[in-house]
Each structure stands twice: as C-alpha cells, then as structure tokens.
Student: 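This is the structure I want to talk about, given as structure tokens.
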Amino acid sequence: MKFDIIHKDSGTKARAGIIQTDHGTIQTPIFMPVGTAGTVKAVHQRELRDDIKAQIILGNTYHLYLRPGLDILEKAGGLHRFNGWDKPILTDSGGYQVYSLAKTGRKISEEGVKFKSHIDGSTHFFTPEGVMDIQRRIGADIIMAFDECTPYPCDFSYARTSMDMTHRWLKRCCDRFDNTQSIYGYQQTLFPIVQGSVYKDLRRQSAEFIASMEREGNAIGGLSVGEPAEDMYEMTELVCNILPADKPRYLMGVGTPENILESIALGIDMFDCVMPTRNARHGILYTTEGVINIKNEKWKDDFSPIDERLGGYVSTSYTKGYLRHLIKSEEILGAQIASVHNLSFYLWLVGQAREQIIAGTFPLWKAEILRKLTCRL
Ligand SMILES: Nc1nc2c(CCNCC3CCCCC3)c3[nH]c(NCCc4ccccc4)nc3cc2c(=O)[nH]1
C-alpha cells in the first residue's frame, strides 16, 4: 500500500493525499461507507460506485464471520467476489462489534474475547491471531488490529490496563499477520489502533507505541464513544502530532459532518460512521443547506428536490414531500433514497474539503460550510 500527500494546508494540519491499493486508489480525506453484512444497507454496488462515488467501503468481521461464514466467503474467492465490490475494502477487527452487539455471555481475558452470537447464541472466541486469519480470509485490502475499545467513561487505571492489553494484542497481531500470506493474491495491510481513552499521558504513550510499529497506516480508536467533542478533538490533535505524517490516519467511528471537518483540520485522512445510513432510515437528511428531519409536517407539501445543489440522481429526481411520504409509510424505497442521498452528501463533503485543501482555501471554506451544515431546516 502506498500513500502520497499531494498538498498540505498552510493554515491547518489538513492534507490532501492518495492511497494506492491493489484494488485501486483512494483520494483522501475520504469517508468510508459502512457495509455491515457485506452490503451497505439499502444501497446497490452500482449506486455506491456511480452515484455516491464511494472509493472504499467497510466490511464487518464480526458479522461476516457469523454469517455467511468464512467457508462461503472463501469459496466465493473473498468478499470482493462475494459482494461484487471490486474497489478497496477495509474490515474492522470485530472487537468493537463484539462490545456493541454480543451483549450476553461476553468475557474478556489476556487470550482473547469469548462471546455469544447475537444471531443464534452459539459461543465463539476471538483472539488476535484468530481475527488476523479471519480478515485474511475475508480478503479486505486494509485490516485492523484486534484491540479493546476502552469504554467511556473509565478511570485512569482501567484505561491504562486496557491500553496495555491492546498493545500486547497488537504485537500478537503483527506476528501473525507478518507470518501469513494473503490467500487471494493481492496485498493486504494491517493498521494498528491507538487507545488511551481521554487521558493525555496514555494517548501520548499509545501513539508513540503505535508509531514505533512502523505500519503503513495508523488508526485512532477509543473515541466517539460518548466523550465530549472537545475531548475527542484534543485527543485527536495530540495523537496526530505523534503519528508519522507520511502515513494515513484513520479516526474510527467518526462522525457528524462537523466532527469530520474539524478532524480533517487536525490531520485525519480516513473516516467511517454508521450515522449517514442509520439516520437516513430514520428520515434525518444531510443537505448542502443544513439538516432536515423529513418526517416534520413542514415538508408534507414541499415538492422541491431533496437537494438540488448536491446533484446526483436521487437528490434531484425525488421531492421532499414524496420522500417524507415514503419514510412515514416505512416504504423500502424511502430507506434506499435517503441512504444514497446521505452517503452522497458525505462523499461530497470530503471531496469538497479535498478540493479546498488543494486550492489553499480550506480554513475559510470550513468556517462557511459549518455555519450552513449546523442549521436545522
Ligand atoms: N476496532 C475498533 N473499532 C472502533 C469503532 C468501529 C468503527 N466502525 C467499524 C464499522 C465496521 C462495520 C460495521 C459497523 C462499524 C468505533 N466506532 C466508534 N464510534 C461510533 C459511534 C457511533 C456513531 C453513530 C452511530 C452509532 C455509533 N468509536 C469506535 C472505536 C473503535 C475502536 O477503538 N476500535
């Protein structure tokens, strides 16, 4: 995997770059639509490619391991062949999903995490080595280390214990990954993940340890877990100043349009969040004029396009009144239209940021666009 920075903003730490993978290039800053069970909910691959212009999507190790399972994925020739997405894919390591989904029968130990499937209650055991093998078999271009996303809030000693275990697990991930090959003939890359909760000393220590592993990209975890936005930005800034500048930085699970623009200014290159798709299904639309709750009575007889300025098929072909009707009626088409629209908005936002960084006008543009985006229509 190769990362080149083509422009650095003078007023902020923002940068515009290009990541090269065996499944194609990624222009950064980039937003990565979340595909849970091998699909971005309610969105066709063609729409992802042509309308949303996604450049990389996420797969979910926890889900794919449970269903359809690795034997099927391997028989298909890996996830790219299984779901027909031939551009880059990133998979998270499953640790976070075990926390957020397998609510019962979960037990964490030095060895790994025992959990019960939220699908059929069967017992499973994820270890650093095991999830490296799983992600090798899924075949994602970028795979994540097996970490513990330290819960928030927690006291300093819990955060340190959790961080230390994530660091020991990282060594086991690197050993396993560096001693196995990709099984589909294209290169895969492992990103480590910085932890340390909201404690500056721990974040410094974790960032330095992660940087010392000299991997081809680095992720920042343990944020966007309920902490105040100011804490998220403070930790992100501190870690970005320690992680190597010539490698991509991925801020996991972030976030709102505002979080994304502020984090780009701090030096983040890659983002993922379920927000655009999850909110879409509930009728919360991000538009170039501000946020719309389409279920609000006021849109009932508004027959203007969803977002003329955004362009793209769904945002210009369907009206607010029609989409409101579909969402209120819980019609499947409503989820489809709103999901394509919101993802198109997120990709438009990071694409605009990239153009502004290259033009040298990012700081002013960020201030202007934030005034607009944060207003509720
Ligand atoms: N390894 C790991 N993953 C993390 C994730 C999952 C990132 N998305 C993966 C993606 C894979 C495919 C399936 C979906 C997830 C996070 N997500 C958030 N906040 C989300 C906060 C949020 C925001 C809006 C709605 C729900 C939750 N903080 C995170 C921290 C970590 C972390 O330390 N370690």
Side-chain angles (χ1 to χ4, degrees), residues 30-41 43 54 56-67 79 83 85 89-102 108 112-113 118 126 128 131-132 134-135 138 140 142-152 154 159 162-163 165-167 169-170 173 190-198 202-203 206-207 210 217-229 231-232 235-236 239 249-260 263 268 270-282 284 286 342-343 346:
I30 190 67
F31 180 80
M32 306 182 284
V34 165
T36 297
T39 149
V40 176
K41 288 190 189 316
V43 177
I56 174 172
I57 63 172
L58 259 64
N60 183 342
T61 296
Y62 169 81
H63 271 89
L64 293 166
Y65 161 82
L66 290 174
R67 188 170 54 187
L79 181 56
N83 70 357
W85 174 260
I89 295 176
L90 181 150
T91 41
D92 195 0
S93 48
Y96 181 84
Q97 284 72 48
V98 167
Y99 272 87
S100 50
L101 289 167
I108 184 165
V113 181
H118 74 291
F126 273 179
V131 297
M132 290 299 103
I134 290 170
Q135 293 182 88
I138 293 173
I142 301 174
I143 75 170
M144 303 311 291
F146 190 62
D147 64 330
E148 183 190 7
C149 174
T150 308
Y152 178 86
C154 71
S162 170
M163 179 194 78
M165 184 152 77
T166 286
H167 290 174
W169 281 358
L170 173 58
C173 287
L190 167 66
F191 279 20
I193 303 171
V194 177
Q195 292 292 342
S197 189
V198 292
L202 298 183
R203 280 286 171 182
S206 190
I210 286 345
N218 299 296
I220 303 175
L223 293 175
S224 186
V225 286
E227 78 285 0
D231 290 0
M232 179 170 78
M235 294 305 113
T236 298
V239 169
R249 303 180 185 123
Y250 166 25
L251 181 55
M252 305 188 83
V254 174
T256 66
E258 184 174 8
N259 296 153
I260 287 175
S263 303
I268 298 294
M270 301 162 75
F271 300 90
D272 89 279
C273 192
V274 295
M275 202 176 277
T277 37
R278 186 174 296 180
N279 282 356
R281 295 195 294 276
H282 297 113
I284 305 295
Y286 299 95
N342 275 0
L343 287 173
Y346 265 66

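Order of appearance sets the numbers: ligands from 1, and atoms from 1 within every ligand. Only this structure's heavy atoms are used, side chains among them; waters, hydrogens and symmetry mates stay out.
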Student: Sub-3.5 Å donor-acceptor pair from the side chain of S206 to the main-chain atoms of G196, do we have one?
Tutor: no

Student: Which protein heavy atom lies closest to atom 13 (C) of ligand 1, and at what distance to 0.1 Å?
Tutor: N60 ND2, 3.3 Å

Student: May I ask you to list the atoms of ligand 1 that are less than 4.0 angstrom from any heavy atom of G221?
Tutor: 32 (C), 33 (O)

Student: Around atom 28 (N) of ligand 1, find the nearest protein heavy atom and jot down its residue, atom name and distance.
Tutor: L223 O, 2.8 Å

Student: Would you say G222 touches ligand 1, if touching means a heavy atom closer than 4.0 Å?
Tutor: yes

Student: Tell me if a side-chain donor or acceptor on T166 pairs with a main-chain N or O of E148 at a distance below 3.5 Å.
Tutor: yes

Student: Side-chain contact, heavy-atom cut-off 4.5 Å: V194 with M163?
Tutor: no

Student: Does R278 reach ligand 1, in the sense of a heavy atom lying below 4.0 Å from it?
Tutor: yes

Student: Given Y250, which of I142, I193, N218, D272 fulfils the side-chain contact (heavy atoms from CB on, under 4.5 Å) condition?
Tutor: D272

Student: Relative to the heavy atoms of Q195, which atoms of ligand 1 are at a distance of less than 4.0 Å?
Tutor: 32 (C), 33 (O)

Student: Look at the side chain of S263 and the backbone N and O of N259, then say whether any donor-acceptor pair between them is shorter than 3.5 Å.
Tutor: yes

Student: Check for a donor-acceptor pair, side chain of T61 on one end and backbone N or O of D92 on the other, with a separation under 3.5 Å.
Tutor: yes

Student: Tell me which protein heavy atom sits closest to atom 25 (C) of ligand 1, plus the residue, atom name and distance to 0.1 Å.
Tutor: V274 CG2, 3.3 Å

Student: Show the atoms of ligand 1 that are less than 4.0 angstrom away from any heavy atom in C273.
Tutor: 23 (C), 24 (C)

Student: Starting from atom 31 (C) of ligand 1, locate the nearest protein heavy atom and write down its residue, its atom name and how far away it is, to 0.1 Å.
Tutor: Y96 CD1, 3.8 Å

Student: N83 side chain to G38 main-chain N or O, any donor-acceptor pair under 3.5 Å?
Tutor: yes

Student: Examine the proximity of ligand 1 to A219 and report which part, side chain or backbone, both or neither, has a heavy atom under 4.0 Å away.
Tutor: neither

Student: Looking at every non-hydrogen atom in both residues, tell me the closest pair between S197 and L223 and how far apart they are.
Tutor: O-CD2, 4.4 Å

Student: Using a strict 4.0 Å cut-off to heavy atoms of L58, name the atoms of ligand 1 that fall inside it.
Tutor: 9 (C), 10 (C), 11 (C)

Student: List the closest protein heavy-atom neighbour of atom 2 (C) of ligand 1: residue, atom name, distance to the nearest 0.1 Å.
Tutor: D92 OD2, 3.5 Å

Student: Taking both backbone and side-chain atoms of A145, is any N or O found less than 3.5 Å from an N or O belonging to ligand 1?
Tutor: no

Student: Rounded to the nearest 0.5 Å, what's the gap from CD1 on I220 to CZ on F191? Could you check?
Tutor: 12.0 Å

Student: Is there a protein heavy atom at a distance of less than 4.0 Å from atom 22 (C) of ligand 1?
Tutor: no

Student: For atom 15 (C) of ligand 1, what is the closest protein heavy atom, and at what distance to 0.1 Å?
Tutor: Q97 NE2, 3.4 Å

Student: Is there a donor-acceptor pair under 3.5 Å between the side chain of S162 and the backbone N or O of A159?
Tutor: no

Student: Suppose we measure from atom 34 (N) of ligand 1 to each protein heavy atom; which comes out shortest, and what is that distance?
Tutor: D147 OD2, 2.7 Å

Student: At the 4.0 Å heavy-atom cut-off, does E148 count as touching ligand 1?
Tutor: no

Student: Just jot down the ligand 1 atoms closer than 4.0 angstrom to any heavy atom of I193, in number order.
Tutor: 1 (N)

Student: Starting from atom 19 (N) of ligand 1, find the nearest protein heavy-atom neighbour and note its residue, name and distance.
Tutor: S224 O, 2.8 Å

Student: Taking only heavy atoms of V34 into account, list the atoms of ligand 1 that are under 4.0 Å away from them.
Tutor: 12 (C), 13 (C), 14 (C)

Student: Taking distance alone, with N or O pairs closer than 3.5 Å, would you say Y250 contacts ligand 1?
Tutor: no

Student: Determine the sole option in Q135, M132, M144 for which the side-chain contact (heavy atoms from CB on, under 4.5 Å) test with L190 is passed.
Tutor: M132

Student: Please walk me through it: do Y346 and F271 pass ring-ring contact (aromatic ring centres under 6.0 Å, His included)?
Tutor: CA-CA 10 Å; Y346 265 66; F271 300 90; 9.4 Å; no

Student: Quick check: does any side chain N or O of E227 sit under 3.5 Å from a backbone N or O of V225, one acting as donor and the other as acceptor?
Tutor: yes

